[in-house]
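Chain letters run A, B, ... following the sequence lines, proteins first and then strands; every chain starts at 1.
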Protein chains: 2
Amino acid sequence: MSKAHNLNRLSYFAAVVETGSFTNAAERLSVTKAVVSSQVSQLEQELQATLLVRNTRKVSTTEVGKIFYEHCASILNEAEEAFSALSQLTENPIGTLRVTAPNDYGKAIVTPLVAAFRRNYPDCQVELYLGDNHSDLMAGNLDLAIRVGWLRDSGLLARKLGVFKQLLVGPADKFALLSHIKHPNDLVGIDFIANTAISDPLQWQFKTTGNKRISVKLKSNLSINSAPAIKEAVKNGAGLAILPDYLVQKDLIEGKLIQVLPDWQLPEGDISAVLPASKFRAGKVTAFIEMLRRAEKARIDS
Amino acid sequence: MSKAHNLNRLSYFAAVVETGSFTNAAERLSVTKAVVSSQVSQLEQELQATLLVRNTRKVSTTEVGKIFYEHCASILNEAEEAFSALSQLTENPIGTLRVTAPNDYGKAIVTPLVAAFRRNYPDCQVELYLGDNHSDLMAGNLDLAIRVGWLRDSGLLARKLGVFKQLLVGPADKFALLSHIKHPNDLVGIDFIANTAISDPLQWQFKTTGNKRISVKLKSNLSINSAPAIKEAVKNGAGLAILPDYLVQKDLIEGKLIQVLPDWQLPEGDISAVLPASKFRAGKVTAFIEMLRRAEKARIDS
DNA sequence: AATGATTGTAAGCTTTTAGCATACAGCTTG
DNA sequence: CAAGCTGTATGCTAAAAGCTTACAATCATT
């Protein structure tokens, strides 16, 4: 079976035709003229045809050489297009982006972001999977998983995109009563709704700006495993609760909830992007992560 | 400065896309699957993009891979066209054939052959140079020189195409007188026209079928340096002459001339094609030489 | 006419790449 | 659970690419 054609030789031949000499072709291609001479000779050997007539101080193309050159020019032009098309796709990504995010964070932050992403990159499609079960990146169906909280497996390739604060909130119509709570110890006896979707939902560590820490064990007569549901319960006067800022930020601004103990900070959590193992990042993934990072920075700055 | 793209990798990638697996691609390309794997990986490295998703027992092409593949398929198709176009030109030659031939032989044999060549190969043009001065093949302006006679320089790349005989001829209207000439020695006293275009035009060696040789020094009262002119003079009764068979064949058939001493042979001469030094023979040259060879064979056989 | 400069090629060598054989990880199938 | 298959990694060998040097041939200059 005949050996495959060596397409790399085409560029040596084309350079000679275009520059008019082996010497100039060598200069253009940054190789020695012996290489150009040899490569073209081998091409002629492979074709069993003379492509170039080597006259004194002048190289001219034979008739068959001219025909072959037209093909070469076309091939090399399209090859250049092919390679640059790929680098173009970094700026103008294409394809379907498949993202998973936790329910709460997804609804509050990712869903509006996806709409903006589609506006920015009309050649992309998005498939957004919301859920609190950790989707398996290994299955290869996903481009990106957004993790909120604390990563259990530090071996994953995670990229931190932002942080979220946790706020102690209560219903707005109990402002008078809640104004008297000035210290975490004042929470004793106050109704508290525990979020059983997280581990150890009653043990909390408060911190002031002076780095004073108080660890408080709260008591709860009501526990729910859904943060949005807890938020609704708080609004209905069922008690206080600790919820992530991205979930309650809007209700605080609208006066439906009020923050209790605003001078005391609770532990922050990470917002991370977890990516499947891959050597290269598709433009669509890079673009989306960058938008999410910017959105998180804007949210924190407001 | 960035290195030139390696176009040979395109065929490995395309084969994987088209066959659906690295293993099948390796089989198609007659290499090991490790080679295909490595070549595609290097292509992805060069592009900084993932072209293929390696799933279990199944390879799929990414969105950018699909775009890149379309380019590859086009490039590889045109490369195949380019290489086969060149082999096609061996059967259907193109271009301008530049031939030189001696005046006499050119007019008698080459001119009608050129017309037939043009009919056979309409994509070819011909430039025919007739003359008895040896044109310089070294100048690169000629594809082929036809030499008739004896080559002076055996170092030239010559290809023998045929031979010509030399015939002693006389005017047809002197048949009765010429019939009495049975031996070369009988030529003494007979008017002979010397051809001063050749060296030593009076010294001739005759040979019979029994390999009996006689060397005769003829005398001449008329000498002309043009074989066609000598032929005319012979027809007009100016004497006998020794002329190449390709020049008198027609007149002999038409009864205008008669051959004298037909049982005695004179030295034959070669008809050769002299080619400029070149590794490969253009289709047009090969085709013309073959036609000339066939024409010479037909001439001898008639 | 002689000499210097330039171009393209040949030859020998070094560096780089292609390709093979082997082994292994991971997954599917029986 | 074992066998089989696929794709990748690694080390090695062979082949190719490319460099350096030298030379032949031609042209331009003196």
CG on A/Leu7 to CD on B/Glu78, rounded to 0.5 Å: 11.0 Å
Quick one: side chains of residues 88-97 of chain A, donor-acceptor pairs under 3.5 Å with protein atoms, not counting sequence neighbours, listed by atom name and distance.
residue : atom : partner  : partner atom : Å
A/Gln88 : OE1  : A/Asn92  : ND2          : 3.3
A/Thr90 : OG1  : A/Ser87  : O            : 3.4
A/Thr96 : OG1  : A/Gln125 : OE1          : 3.3

Applying ring pair (Phe, Tyr, Trp, His ring centres under 6.0 Å), name anything that partners [X], two or more places apart in sequence or on another chain.
X: B/His5; result: A/Phe83
X: B/Phe22; result: none
X: A/Phe288; result: A/Phe117

Phosphate OP1/OP2 of [N]: any [X] side-chain N/O under 4.0 Å:
X: B/Tyr12; N: C/dG19; answer: yes
X: B/Arg9; N: C/dA18; answer: yes
X: A/Asn6; N: D/dA17; answer: yes

Selection: residues 32-46 of chain B, any non-hydrogen atom under 4.0 Å of DNA chain C: B/Thr32, B/Ala34, B/Val35, B/Gln39, B/Gln42
Inter- and intrachain pairs under salt bridge (charged side-chain N to carboxylate O under 4.0 Å, His left out), touching residues 35-52 of chain A, at least two apart: A/Arg9-A/Glu46, A/Glu44-A/Arg54
Where at least one partner belongs to residues 99-108 of chain A, residue pairs that pass salt bridge (charged side-chain N to carboxylate O under 4.0 Å, His left out), sequence neighbours excluded: none
May I have the distance from [X] (atom [atom1]) to [N] (atom [atom2]), rounded to whole angstrom?
X: B/Lys279; N: C/dA10; atom1: NZ; atom2: C1'; answer: 10 Å
X: A/Glu27; N: D/dG18; atom1: CD; atom2: P; answer: 17 Å
X: B/Leu7; N: D/dA17; atom1: CG; atom2: P; answer: 13 Å

Of residues 14-22 of chain B, the positions that come close to DNA chain D - non-hydrogen atoms, cut-off under 4.0 Å: B/Ser21, B/Phe22
Most 5' of A/Arg54 and B/Val31 on DNA chain C, judged by nearest nucleotide: A/Arg54
Sugar-phosphate only, base, or nothing, as touched by B/Asn8 at under 4.0 Å among non-hydrogen atoms: nothing
Short N-O contact, A/Glu27 and A/Lys33, less than 4.0 angstrom: no
Test salt bridge (Lys or Arg N to Asp or Glu O under 4.0 Å) applied to A/Glu127 - qualifying residues, sequence neighbours left out: A/Arg98
Counterpart residues, salt bridge (Lys or Arg N to Asp or Glu O under 4.0 Å), relative to B/Arg293 (two or more places apart): B/Glu290
Would you tabulate the nitrogen or oxygen pairs shorter than 3.5 Å linking the protein to nucleotides 3-6 of chain C?
none

Test side chain to side chain contact (heavy atoms under 4.5 Å, CB included) applied to B/Ala295 - qualifying residues, sequence neighbours left out: B/Leu113
